[in-house]
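Inspection log for the structure reproduced underneath, given as structure tokens.
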Amino acid sequence: MNKNHILTIASLVILMVASITTTAAVIVPGTETNNSAKTEDPKVQQLTQRIHEIKAMNKSELTRTEKKDMRKELKQTKKEMKAATSGGVYLSVGAIIIIILILILIL
């Protein structure tokens, strides 16, 4: 068996393993995640409070332009909230395998 044959078989095996997508969530008692760490930030608390204020408002008395401005503000606040609470870069298994294959081909 030559080197190209082994490389082809290895890449096919990797692709077959990547195509099997199984996800399982295992919850171990006593290790529940607490989202209070995310809400300890004062900016996040302020944004959350503003979102609740907007949702609690009586919008029937507002004009059309005021409602439009309110929706824009709510969308902007939600974007800021998402940016403040998100962290890290997520890579899928397929992306990792593609990166590994590219590195193998380069080296």
### Query
Partners of T8 by side chain to side chain contact (heavy atoms under 4.5 Å, CB included), sequence neighbours excluded?
L12
### Query
What are the two closest heavy atoms between K67 and K59, and how far apart are they?
CE-O, 2.9 Å
### Task
Calculate, to the nearest 0.5 Å, the distance between atoms CG and NZ belonging to L74 and K79 respectively.
11.5 Å
### Query
salt bridge (charged side-chain N to carboxylate O under 4.0 Å, His left out) with E53: which residues, sequence neighbours excluded?
R50
### Task
Would you give the length of the straight line joining atom OG1 of T48 to atom CE of M81, rounded to the nearest 0.5 angstrom?
2.5 Å
### Query
Transitively linked via ILVMFWY side-chain contacts under 4.5 Å: I54 with L47?
no
### Task
Output the rest of the hydrophobic cluster of L103: all Ile, Leu, Val, Met, Phe, Trp and Tyr residues reachable through side-chain heavy-atom contacts under 4.5 Å, sorted by chain and number.
I99
#### Entry: side chain to side chain contact (heavy atoms under 4.5 Å, CB included) involving K75 - partner list, sequence neighbours excluded
none
### Task
Could you tell me the separation between the CE atom of M70 and the CG atom of L62, rounded to the nearest 0.5 Å?
5.5 Å
### Message
Tell me every residue that passes side chain to side chain donor-acceptor pair (under 3.5 Å) with S92, counting only those two or more places apart in sequence or in another chain.
### Response
none
### Query
Can you name the residues that form a side chain to side chain contact (heavy atoms under 4.5 Å, CB included) with T63, not counting sequence neighbours?
T65, E66
### Task
To the nearest 0.5 angstrom, please state how far the CG atom of L7 sits from the CD1 atom of I104.
7.0 Å
### Task
Could you tell me which residues satisfy side chain to side chain contact (heavy atoms under 4.5 Å, CB included) with I102, sequence neighbours excluded, listed by chain and number?
I98, I106
